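Let me begin by presenting the structure, written as structure tokens, before commenting on it.
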Amino acid sequence: MHLPATVMLVALAWLFLSVSAQAHEPSKSYLSLTLESERFTGKWDVPLRDLQSIVPFGLDKNGLAPVEQLQTRFHDLTDYAFSHLQIALDGRAVAPRLVSSKPTVEELSDGAYLQINFVLEHFPSPQIVTVNYQLFFETNSLHRGLLRIEAGGKVQIAAFSPDRPRQEFQLAAPSQGRQFIGFLREGIWHIWTGYDHILFLLALLLPSVLLREGSRWRGVNAFRPALYNVLKIVTAFTVAHSLTLSLATLGFVKLPSRFTESAIALSVALAAANNLWPVVRERGWIVAFVFGLIHGFGFATALSDLGLRSGSLLITLIGFNCGVELGQLAIVAVFLPVAFLMRRTWLYQSPLLQLGSACVIVVAISWCAERVLDLKFMPF
């Protein structure tokens with residue numbers, strides 16, 4: 001087997017092994033801190049499905065828990081949550097005080113959340129807030145904590161991850177550059193852990209180094225046209241998802257999360273099916289744009305529940321979109337040179353293109369069935 005073929009097979013094997021090894025659902029919690037006089041008012045929305053795996057209680061098929069069960073386990077749930085969150089004001093650790101001992105369940109765009117209301121008291125005019133967030137990281141490396149801090153009419157947001165669990169915030173002079181970099185990183189991570197987005201991109205990229213002649217594929221003659229075609233595909237996808245991401249996050253368009261995620265899975269299957277039964281033969285960027293509009297609603301679930309204002313929202317959207325684009329370009333940079341070297345081989349034109357596309361169809365249809373029927377049988 002030629003070296004490029006070996007490299008491509010190893011890369012594909014690594015992708016599917018990493019998917020199986022990290023068989024976690026991306027999840028997030030929303031933590032809001034608002035400075036009012038001499039205290040911070042806090043609201044923390046924590047996903048019930050994640051909590052249930054740590055502090056067991058019954059859930060119905062819609063992911064909801066009976067109120068009486070939540071009431072019984074409420075102190076266990078809040079003790080677990082606050083044992084994984086440390087907040088310091090001007091270097092002094094402060095213990096949160098619960099506002100209510102009764103559980104409240106809130107329905108957000110992606111499911112049911114336990115709402116924990118608390119206050120941080122007796123700290124006049126704090127200048128620096130330090131947050132150490134560790135919730136669920138020991139069991140789910142894909143979990144993210146999204147923080148919103150409002151003080152003096154200024155809003156800052158940040159994302160916590162296993163590699164960035166502790167962050168510090170200056171209330172007097174919030175850093176917009178830091179916020180941009182933070183969500184640039186989250187955009188990259190969102191692509192690299194969004195397996196449906198990766199498979200959609202690979203389904204579009206597989207035929208990018210080939211030309212269809214009748215019922216056969218043949219390799220392109222030069223690298224530049226293939227690169228130009230790929231850049232059109234990636235750019236069309238970015239423009240489309242940026243458009244719907246912005247509209248959805250701003251609240252102009254809102255679709256049910258279950259419908260959006262099902263449509264994304266279906267788009268992956270259709271993109272792969274086009275490789276086996278070509279309907280769109282040359283203008284793959286059109287497919288990327290049309291389905292990119294759907295994928296944008298999927299990205300929006302990561303941002304829409306933060307309650308951002310115009311300034312913070314603009315920085316976040318730009319940073320997140322740039323991160324998604326960089327994440328895609330990184331995949332292209334690895335995939336395209338190897339695919340170009342292999343384009344005229346039987347291995348690429350038969351097993352990799354045809355069998356690879358068929359495998360993507362099977363996985364995507366399985367995802368779609370899960371999301372439509374609200375079941376869970378796939379390991380990722």
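No experiment lies behind these values; they were computed from the predicted model shown.
Between the side chain of Thr139 and the backbone N or O of Phe136, at least one donor-acceptor pair lies under 3.5 Å. Side-chain atoms of Arg371 come within 3.5 Å of backbone atoms of Glu261 as a donor-acceptor pair (strictly under, hydrogens ignored). The backbone N or O of Ser262 sits nowhere less than 3.5 Å from a side-chain atom of Glu370 that would complete a donor-acceptor pair. No donor-acceptor pair under 3.5 Å is formed between the side chain of Asp196 and the backbone N or O of Ala364. With Gln86 contributing its side chain and Ser83 its backbone, the two residues share a donor-acceptor pair below 3.5 Å. Trp285 contributes no side-chain N or O that, together with a main-chain N or O of Thr235, makes up a donor-acceptor pair within less than 3.5 Å. At distances below 3.5 Å, at least one donor-acceptor pair connects side-chain atoms of Arg343 with backbone N or O atoms of Val220. In this structure a side-chain-to-backbone donor-acceptor pair under 3.5 Å is missing from Asp45 to Tyr30. Remark: side-chain polar atoms of Gln167 are paired, donor with acceptor, to backbone N or O of Ala159 under 3.5 angstrom.
Residues Leu210 and Leu353 are in side-chain contact: their nearest non-hydrogen atoms beyond the backbone lie under 4.5 Å apart. Side-chain contact between Glu325 and Val234: present, with at least one pair of heavy atoms (C-beta onward) separated by less than 4.5 Å. Between Leu48 and Val105, the closest side-chain pair of non-hydrogen atoms falls below 4.5 Å. Contact annotation: the side chain of Leu120 never approaches that of Arg39 to less than 4.5 Å [non-hydrogen atoms, C-beta and beyond]. The side-chain heavy atoms of Thr34 and Lys43, taken from C-beta on, include no pair separated by under 4.5 Å. Trp189 is not listed as a side-chain neighbour of Ser161, based on a closest heavy-atom distance of 4.5 Å or more. Between Leu147 and Ile157, every side-chain heavy-atom pair lies at or beyond the 4.5 Å cut-off. In this structure, the side chains of Ile331 and Trp192 come closer than 4.5 Å at one or more pairs of heavy atoms.
Looking only at atom types and distance, the side chain of Trp44 has a donor-acceptor partner in the side chain of Ser29 under 3.5 Å away. A side-chain donor-acceptor contact under 3.5 Å links Asn117 and Gln115. Under 3.5 Å, the side chains of Ser242 and Asn321 contain a donor-acceptor pair of N or O atoms. Residues His143 and Tyr133 have side chains that bring a donor and an acceptor to within less than 3.5 angstrom of each other.
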For this session: Before giving the answer on side-chain contact (heavy atoms from CB on, under 4.5 Å), spell out for Leu293 and His241 the whole-Å C-alpha distance, their side-chain angles and the decisive distance to 0.1 Å.
Result: CA-CA 5 Å; Leu293 294 172; His241 80 65; over 6 Å; no

For this session: Run the numbers on Phe74 and Leu98 for side-chain contact (heavy atoms from CB on, under 4.5 Å), then give the verdict.
Result: CA-CA 11 Å; Phe74 184 64; Leu98 285 173; 4.3 Å; yes

For this session: Carefully, step by step, assess Ser27 and Asp50 under the rule side chain to side chain donor-acceptor pair (under 3.5 Å).
Result: CA-CA 8 Å; Ser27 71; Asp50 293 77; 3.1 Å; yes

Problem set entry | Worked verdict on Leu171 versus Gln156 for side-chain contact (heavy atoms from CB on, under 4.5 Å) | CA-CA 9 Å; Leu171 298 185; Gln156 300 182 63; 4.3 Å; yes

For this session: Could you check Tyr348 against Leu352 for side-chain contact (heavy atoms from CB on, under 4.5 Å), going step by step and ending with a plain yes or no?
Result: CA-CA 5 Å; Tyr348 188 88; Leu352 286 178; 3.9 Å; yes

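Just one residue in the list Leu202, Leu201, Val230, Val209 forms a side chain to side chain contact (heavy atoms under 4.5 Å, CB included) with Phe335, and that residue is Leu202.
Going from atom CG of Asp76 over to atom CD1 of Ile54 covers 13.0 Å, rounded to the nearest 0.5 Å. With values rounded to the nearest 0.5 angstrom, Lys154 atom NZ is found 12.5 Å from Leu35 atom CG. With rounding to the nearest 0.5 angstrom, the CH2 atom of Trp277 is 11.0 Å from the CG atom of Leu270. If you take CG on Leu199 and CD1 on Ile361, they are separated by 11.5 Å, rounding to the nearest 0.5 Å. With rounding to the nearest 0.5 Å, the separation of CG in Leu114 from CD in Gln52 is 13.0 Å. Rounding to the nearest 0.5 Å places CD of Gln349 at 9.5 Å from CZ of Arg344.
Taking each heavy atom of Val131 and Phe169 in turn, the nearest pair found is CG2-CE1, 4.3 Å. Of all heavy-atom pairs between Ser208 and Leu336, the closest is OG-CD1, 4.1 Å. Of all heavy-atom pairs between Thr41 and Glu36, the closest is OG1-OE1, 2.9 Å. Looking at every heavy atom in both residues, Ile188 comes nearest to Gly323 through CG1-O, 3.1 Å. Closest non-hydrogen pair, Arg73 versus Pro56, comes out as NH1-O, 2.8 Å. Considering all non-hydrogen atoms of both residues, Ser246 and Leu317 come closest at OG-CD1, 3.9 Å.
Separation of the Phe118 and Phe40 ring centroids does not fall under the 6.0 Å cut-off. Between Phe183 and Phe320, the ring centre distance reaches or exceeds 6.0 Å. Annotation: Phe137 is not in aromatic contact with Phe160 [ring centroid separation under 6.0 Å not met]. Residues Phe291 and His295 place their aromatic rings such that the two centres sit no closer than 6.0 Å.
Other residues, nucleotides and ligands contribute at most 12 non-hydrogen atoms within 6.0 Å of the CZ atom of Phe259. Within 6.0 Å of CZ on Arg166 lie no more than 12 heavy atoms contributed by other residues, nucleotides or ligands.
Leu355 is not connected to Ile198 by any chain of hydrophobic side-chain contacts under 4.5 Å among Ile, Leu, Val, Met, Phe, Trp and Tyr, and they are in different clusters. Clustering ILVMFWY residues whenever any of their side-chain heavy atoms sit less than 4.5 angstrom apart, transitively, puts Ile128 in a cluster other than the one holding Ile149. No continuous path of hydrophobic side-chain contacts links Leu31 to Val119 [ILVMFWY only; heavy atoms under 4.5 Å]. Two different hydrophobic clusters hold Tyr228 and Phe237 under the rule that ILVMFWY side chains link at heavy-atom gaps under 4.5 Å. The hydrophobic cluster containing Leu33 does not contain Val99, counting ILVMFWY residues as joined when their side-chain heavy atoms lie under 4.5 angstrom apart, directly or transitively.
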